[in-house]
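Structure first, then comments.
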Amino acid sequence: MKRLVQDLLADAVTRAWPDIDTADAPHVERTRDAAHGDFASNIAMTLTKTLRRNPREIAQTIIDTLTEDERIDRVEIAGPGFINFFLAPAAFRAAIDDVLAAGTAYGQSDTGAGQKIMIEFVSANPTGPLHVGHGRGAAVGDCLARLFEATGFEVTREFYYNDAGAQIANLAVSVQARAKGITPEDDAWPADGYRGDYIADVAAAYLAGETVAADDREVTGAADADNLDAIREFAVAYLRREQDADLKAFAVDFDVYSLESALYSEGRVERTVEALVAAGHTYEADGALWLKTTDFGDDKDRVMRKAEGGYTYFVPDVAYHVAKWERGYTRAINEQGADHHGTIARVRAGLQALAIGIPEGWPDYVLHQMVTVMRGGEEVKLSKRAGSYVTLRDLIDEVGRDATRYFLAARKPDSQQTFDIDLARSQSEENPVYYIQYAHARICSVLGQLQERGLDYSREAADLARLDSPHEQRLITAISRYPELVESAAADFAPQAVAHYLRDLADAFHSYYNAQQFLVDDAALRNARLALVFATRQVLVNGLKLLGVSAPEQM
RNA sequence: GCGCCCGUAGCUCAGUUGGAUAGAGUGUCGGCCUCCGAAGCCGAAGGUCGCAGGUUCGAAUCCUGCCGGGCGCACCA
């Protein structure tokens with residue numbers, strides 16, 4: 001419908017003023033106030049400059065030029081020059097049948113046209129359990145992935161992790177210490193060793209010769225406390241398995257796991273360095289090899305190869321993104337914590353320096369700000385080393401998967417978030433997610449009542465024209481704008497828009513439910529109301545699915 | 001010091017890319033179950049959109065400068 005209005009406007013403008021460029025679709029938006037019609041455009045105001053005429057005059061000319069369409073009831077000028085469109089009642093109600101006909105596909109589009117897109121998210125190092133921040137990344141990243149699937153992209157969810165660097169060496173040393181009976185309180189404990197209890201668990205499993213399966217590998221503990229390589233391999237697999245179990249409990253699945261070590265073993269790191277040198281953007285200084293990232297917008301040059309020989313982490317990072325590009329991902333999104341925002345300029349600079357046709361703004365980044373966890377009125381410090389942080393598992397166990405996912409995705413990623421565990425636990429029944437789920441359960445209950453009374457629902461017997469109350473209008477408007485919501489949430493990387501939309505939809509439904517009886521004797525009216533209510537249920541199901549939240553039939 | 005993000009009702013947060021009278025939840029106060037689920041609904045109160053300028057028909061939204069909070073500024077990852 002929105003598209004129809006845009007097309008009509010563009011056509012009218014072109015015919016009224018052939019010189020005006022209408023390549024960009026005219027700005028059309030949903031009205032906030034029903035008195036302003038269903039859609040409004042500010043196009044007349046934006047044309048005042050070029051046409052040097054009063055906006056209301058321009059609006060009038062456009063309206064006079066508009067092609068008649070049976071789906072548009074009337075068009076009015078309002079305020080300083082808005083053009084308000086009022087849909088014809090039949091066209092307005094058509095949304096109900098659109099939903100019922102499309103079912104789970106309602107809201108989906110082919111905007112992406114099958115284009116490949118990769119969303120890399122979580123990407124936690126396997127040095128401990130996932131914490132709340134990872135949970136936010138998982139909720140946001142997975143919701144974005146679902147949004148892109150719904151808008152016709154071919155989506156790959158990818159998890160990248162470092163399985164060989166300094167932090168992993170530290171992990172191995174920590175597990176080894178535990179395996180030898182050393183505890184963090186002992187003098188012999190490694191200086192920066194991971195102190196969490198989970199390290200002891202890993203050590204015990206290793207000594208017991210357990211076999212753990214993670215990603216596409218299987219590792220058996222060698223039970224030898226002196227074999228550091230074996231310990232490292234086992235510890236990584238063990239912790240990856242734990243992380244995956246948490247992610248599974250959170251209903252997040254990845255398609256591909258990429259290992260940093262593979263970038264070395266496949267020669268990608270080496271090739272990237274050679275290519276950067278050949279491109280002429282490197283120099284040697286102080287015994288190290290530098291990349292002139294300042295040529296590409298970074299605020300200082302970066303060391304690629306340290307004086308002692310090893311590469312800095314950013315080299316495999318660039319190599320990894322070259323691999324992404326070569327794998328055909330013309331669109332790539334990296335969802336990560338805002339504390340890593342410094343790497344963005346670096347990675348993009350490295351990719352530009354290679355001059356292999358990668359666009360300047362590639363890849364896209366979605367950064368989520370910190371989650372502050374409150375417990376007992378005090379902030380819980382997030383420290384991997386101390387091992388005293390709140391894990392994703394803690395939240396799932398205490399608050400539930402649905403509420404945790406909803407909360408973590410319902411906030412704009414750019415904003416810091418406070419997650420009060422006590423509040424979430426004690427008031428779990430007042431979480432907005434229950435409000436939405438309750439709307440769904442209520443509709444299912446109506447269906448049950450219908451059957452109990454020996455009645456049948458029939459769309460054919462429904463007279464949708466009877467749906468003329470303000471509550472019904474509001475609900476129809478809500479379901480009809482769902483496809484636009486999905487479209488814009490995907491384009492804006494805005495999972496929170498889905499959460500807030502569902503809140504609004506449930507609100508419109510609950511009001512309707514309290515205001516009007518659905519199961520009335522008048523069959524034409526009853527079936528019309530049921531058609532609307534069942535369409536609402538479908539949109540609730542589809543929207544909750546985007547968030548990865550369940551739609552229970554009973555609560 | 002430099003860079004990125006944030007500042008909207010007591011609290012937690014939205015705000016359709018610059019639109020019309022700034023909205024929800026929660027909390028407070030007052031109503032609604034003989035009726036499809038009261039995990040619900042209806043109403044009231046609550047605002048200098050951090051502050052000050054600027055841009056224009058029009059600013060919570062864009063620009064500049066301050067103030068406040070967070071996160072980064074390694075030959076760590």
Side-chain angles (χ1 to χ4, degrees), chain A residues 27-33 35-36 40-42 45-46 48-49 54-55 78-82 84 125 127 162 165-168 170 192 260 285-290 298-300 302-314 316-317 337-345 367-370 372 407 410-418 420 423 427-432 434-435 437-439 441-450 452-453 481 484-485 488 491-492 494 496-497 499-501 503-504 506-507 509-520 529-530 533 554-555:
Chain A
H27 185 69
V28 171
E29 61 189 24
R30 290 271 174 181
T31 56
R32 209 175 325 198
D33 184 341
H36 298 145
S41 178
N42 64 348
M45 277 113 84
T46 61
T48 49
K49 271 244 175 77
N54 174 313
F82 290 103
N84 292 337
N125 279 338
T127 52
N162 172 349
Q167 295 184 19
I168 298 301
N170 188 21
D192 291 315
E260 187 188 21
D286 305 324
L289 179 66
W290 297 70
D298 201 359
D299 54 358
K300 63 169 82 164
R302 305 292 168 177
V303 169
M304 295 170 64
R305 192 174 55 229
K306 299 179 260 186
E308 38 98 342
Y311 292 115
T312 56
Y313 75 94
F314 117 90
D317 239 15
D339 52 339
H340 291 107
H341 80 261
T343 67
I344 299 175
L367 304 179
H368 63 262
Q369 294 288 329
M370 233 177 58
T372 304
F407 265 105
R411 202 125 307 165
K412 189 167 54 181
D414 276 341
S415 298
Q416 286 168 232
Q417 178 168 17
T418 303
D420 189 326
L423 189 71
Q427 300 195 343
S428 67
E429 301 200 85
E430 291 177 14
N431 285 342
Y434 291 104
Y435 182 83
Q437 290 178 320
Y438 183 45
R442 258 186 163 174
I443 294 172
C444 293
S445 172
V446 169
L447 181 58
Q449 276 292 321
L450 182 73
E452 217 164 277
R453 298 183 194 185
R481 77 182 179 90
E484 296 157 29
L485 176 275
S488 67
D492 299 342
Q496 81 278 4
H500 289 284
Y501 167 81
R503 222 277 157 202
D504 283 348
D507 190 8
F509 170 75
H510 284 307
S511 292
Y512 181 36
Y513 181 94
N514 274 273
Q516 252 145 359
Q517 197 74 12
F518 306 149
L519 303 178
V520 292
R529 288 178 174 169
L530 288 174
V533 165
Q554 289 180 10
M555 297 174 66

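Per chain, numbering begins at 1; letters A, B, ... match sequence-line order.
- Using a 4.0 Å cut-off between charged nitrogen and carboxylate oxygen, R302(A) and D299(A) count as a salt-bridge pair.
- Between R481(A) and D504(A) there is a salt bridge, with a side-chain nitrogen of the basic residue lying less than 4.0 Å from a carboxylate oxygen of the acidic one.
- For P80(A), whose side chain is taken as the heavy atoms from C-beta onward, the closest listed nucleotide among C57(B), G37(B), C75(B) is C57(B).
- A441(A) comes within 4.0 angstrom of a nucleotide base, judged by non-hydrogen atoms across all strands.
- Applying the 4.0 Å criterion to OP1 and OP2 of C42(B), one finds that S511(A) has a side-chain N or O inside that range.
- In this structure, OH of Y501(A) is placed 21 Å from P of G23(B), rounded to the nearest angstrom.
- Using a distance-only test at 3.5 Å, with no hydrogens or angles considered, no donor-acceptor pair links the side chain of N42(A) to the main chain of M45(A).
- C76(B) and C6(B) have their C1' atoms separated by 28 Å, with the value rounded to a whole Å.
- We find that CG of N162(A) is positioned 6 Å from C1' of A77(B), with the value rounded to whole Å.
- Side-chain N/O atoms of Y435(A) and D507(A) include a donor and acceptor closer than 3.5 Å.
- When distances are taken from the side chain of F82(A) to each of A77(B), A20(B), C41(B), the shortest belongs to A20(B).
- Contact annotation for A40(A): base contact, defined as any heavy-atom pair under 4.0 Å involving a base atom.
- Here the separation of C57(B) from G3(B), taken at their C1' atoms, is 37 Å to the nearest Å.
- Taking the side chain of K412(A) as heavy atoms from C-beta on, and the options C76(B), A14(B), A20(B), the nearest nucleotide is A14(B).
- Summarising the base pairing, G37(B) is matched to no nucleotide, lacking a Watson-Crick or G-U wobble pair whose two defining distances lie under 3.5 Å.
- Using a 4.0 Å heavy-atom cutoff across all strands shown, H340(A) reaches at least one base atom of the nucleic acid.
- Residue Y435(A) has a polar side-chain atom (N or O) positioned under 4.0 Å from OP1 or OP2 of C41(B).
- A pairwise comparison of heavy atoms in D192(A) and N170(A) identifies O-ND2, 2.8 Å as the closest pair.
- Residue T31(A) places its side chain closer to A20(B) than to any other of C36(B), A77(B), A20(B).
- One P atom belongs to C62(B), the other to A74(B), and the distance between them is 30 Å to the nearest Å.
- Base pairing of G30(B): its partner is C42(B), meeting the Watson-Crick or G-U wobble criterion (both donor-acceptor distances under 3.5 Å).
- One can find a donor-acceptor pair under 3.5 Å joining the base of A20(B) and the side-chain atoms of N84(A).
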Let me see the working for M555(A) and Q437(A) under side chain to side chain contact (heavy atoms under 4.5 Å, CB included), right down to the final yes or no. CA-CA 8 Å; M555(A) 297 174 66; Q437(A) 290 178 320; 3.8 Å; yes
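- Partner assigned to C51(B) is G65(B), using Watson-Crick or G-U wobble distances below 3.5 angstrom.
- In this structure, R442(A) is not positioned above the aromatic face of F509(A) in the sense of NZ or CZ being under 6.0 Å from the six-membered ring centre and within 45° of the axis.
- The base-pairing partner of C13(B), taking Watson-Crick or G-U wobble contacts with both distances under 3.5 Å, is G23(B).
- Across U64(B) and U55(B), the matching C1' atoms stand 11 Å from one another, rounded to whole Å.
- Residue R453(A) is classed as a sugar-phosphate contact, given heavy-atom separations below 4.0 Å to backbone atoms only.
- Atoms CD (Q496(A)) and P (A24(B)) sit 19 Å apart, rounded to a whole Å.
- G337(A) approaches L367(A) most closely through the heavy-atom pair O-CD2, 4.1 Å.
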Restricting to nitrogen or oxygen on both sides, can you table the protein-nucleotides 2-4 of chain B pairs closer than 3.5 Å?
{"from": "G3(B)", "atom 1": "N2", "to": "H341(A)", "atom 2": "NE2", "distance (Å)": "2.8"}

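- G72(B) and C13(B) have their C1' atoms separated by 26 Å, given to the nearest Å.
- One interatomic measurement links the two molecules: CZ of R302(A) to P of A77(B), which rounds to 13 Å at whole-angstrom precision.
- The two residues D286(A) and A307(A) make their nearest non-hydrogen contact at O-CB, 4.1 Å.
- The residue S445(A) sits close to a base: some heavy atom pair falls under 4.0 Å.
- Along RNA chain B, the nucleotide nearest D507(A) and the nucleotide nearest H36(A) are compared for position; the residue whose nucleotide lies closer to the 5' end is H36(A).
- Residue-level contact check: D298(A) touches neither bases nor backbone, having no heavy atom under 4.0 Å from any strand.
- As rounded to whole Å, 8 Å separates atom C1' of G23(B) from atom CZ of R32(A).
- Nearest nucleotide to the M555(A) side chain, out of A39(B), C75(B), G72(B): A39(B).
- Smallest separation of non-hydrogen atoms from A285(A) and W290(A): O-NE1, 3.1 Å.
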Polar atom pairs (N or O), protein with nucleotides 8-12 of chain B, under 3.5 Å:
{"from": "U12(B)", "atom 1": "O2'", "to": "R411(A)", "atom 2": "NH1", "distance (Å)": "3.4"}

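- When the C1' atom is used for both G46(B) and U26(B), the distance is 13 Å, rounded to whole Å.
- Along RNA chain B, the nucleotide nearest to A285(A) and the one nearest to A78(A) differ in position, and the one closer to the 5' end is contacted by A78(A).
- Pair check for A59(B) finds none; no Watson-Crick or G-U wobble contact set falls under 3.5 Å.
- Put simply, CZ on R503(A) is 7 Å from P on C41(B), counting in whole angstrom units.
- Ring geometry, Y513(A) versus F518(A): the interplanar angle exceeds 60°, so the pair is classed perpendicular (tilted spans 30 to 60°).
- Nucleic acid contact for T48(A): none, since no nucleic acid atom lies under 4.0 Å from a heavy atom of the residue.
- Within 4.0 Å (heavy atoms only), Y513(A) reaches at least one base atom of the nucleic acid.
- Spacing between C42(B) and A60(B) at atom C1', rounded to whole Å, works out to 30 Å.
- The base of A77(B) sits within donor-acceptor range of the side chain of Y313(A), with an N or O pair under 3.5 Å.
- Nearest heavy atoms, K306(A) versus Y311(A): CE-O, 3.8 Å.
- Partner assigned to C71(B) is G3(B), using Watson-Crick or G-U wobble distances below 3.5 angstrom.
- Distance from the side chain of N125(A) is smallest for A77(B) among the nucleotides A38(B), A77(B), C41(B).
- Spacing between atom CG of N42(A) and atom P of G18(B) amounts to 10 Å, rounded to whole angstrom units.
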Check against side chain to side chain contact (heavy atoms under 4.5 Å, CB included), T31(A) and F82(A): CA-CA 11 Å; T31(A) 56; F82(A) 290 103; over 6 Å; no
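- For S41(A) against V28(A), the heavy-atom pair with the smallest separation is CB-CG2, 4.1 Å.
- With a glycosidic angle no further than 90° from 0, C33(B) counts as syn.
- The CD atom of Q416(A) sits 12 Å away from the C1' atom of G68(B) (whole-angstrom rounding).
- As rounded to the nearest Å, U8(B) and G1(B) have P atoms that lie 24 Å from one another.
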